[in-house]
Amino acid sequence: MSEPEKYSKQPSAPPPPHHEYGTFQGGRNYPPLLVTGFPQPAPPPGAPGGPPVNPYGYGYQGVPGYAVAEGTPVREHEPRLPCCGIGIGWFLFIIGFFLAAIPWYLGAFILICARYDAREKPGYVACLIAAILGTLAVIFGVTH
């Protein structure tokens, strides 16, 4: 047998695959992953192939496809409560300790019969509870 025939009869084996170590993403011999869903990955701004960087971003920064509200801006904060910001309800509750519980009855009357700011309701409820407890204390104090 001649030398070329000896080598040609041997089956040719594929080279062993090259394994990537130190990564959990697989090697180069794996098929590429297809990206689905929203948002699609993109290079950071300013990188080659990425969106351009605009250092002068003036105007409204809105979402494309949505209109920007024009006109007078809406107030974000409601007006401050009276009596140093605590409200009339808590003010009546505090001074009820000094003025023989009469302000508590006034606060209970406002809660039951008048219109009030919803932010002041806890103070009026405290006045109502204090008025009820004060009335019970007077009733049971008089009977003993």
Side-chain angles (χ1 to χ4, degrees), residues 4 6-144:
K6 192 190 303 184
Y7 290 118
S8 65
K9 290 186 180 181
Q10 293 178 352
S12 62
H18 177 71
H19 295 289
E20 298 283 335
Y21 291 104
T23 180
F24 295 102
Q25 299 174 356
R28 286 179 287 201
N29 55 354
Y30 289 167
L33 297 174
L34 297 176
V35 179
T36 59
F38 181 81
Q40 296 292 326
V53 176
N54 183 7
Y56 306 106
Y58 298 116
Y60 291 109
Q61 303 293 323
V63 178
Y66 291 93
V68 176
E70 299 287 340
T72 307
V74 180
R75 286 184 64 146
E76 294 182 14
H77 302 288
E78 293 188 27
R80 190 174 157 160
L81 290 174
C83 300
C84 300
I86 63 172
I88 297 172
W90 285 114
F91 178 74
L92 291 173
F93 178 75
I94 292 169
I95 65 169
F97 289 103
F98 303 108
L99 298 177
I102 295 172
W104 293 343
Y105 295 107
L106 180 60
F109 177 78
I110 292 173
L111 178 68
I112 294 171
C113 299
R115 294 188 64 170
Y116 53 86
D117 188 357
R119 297 177 293 165
E120 294 192 27
K121 187 174 183 178
Y124 291 135
V125 170
C127 287
L128 177 68
I129 293 171
I132 291 171
L133 292 178
T135 303
L136 291 176
V138 168
I139 291 172
F140 288 127
V142 171
T143 57
H144 279 32

Using every non-hydrogen atom in the two residues, find where [X] and [Y] come nearest and quote the distance to one decimal.
X: C127; Y: G89; result: SG-O, 3.4 Å
X: I88; Y: P82; result: CG1-CG, 3.7 Å
X: F93; Y: F97; result: O-CD1, 3.5 Å
X: L106; Y: L92; result: CD2-CD2, 4.1 Å

Should Y124 and I112 be marked as a side-chain contact (heavy atoms from CB on, under 4.5 Å) after you check the CA-CA gap, both sets of side-chain angles, and the distance that decides it?
CA-CA 9 Å; Y124 291 135; I112 294 171; over 6 Å; no
In the structure I gave you, are the side-chain heavy atoms of [X] and [Y] within less than 4.5 Å of one another anywhere?
X: I139; Y: T135; answer: yes
X: I132; Y: W104; answer: no
X: W90; Y: P122; answer: yes

Once rounded to the nearest 0.5 Å, what's the spacing between atom CD1 of I86 and atom CD of E120?
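It comes to 9.5 Å.
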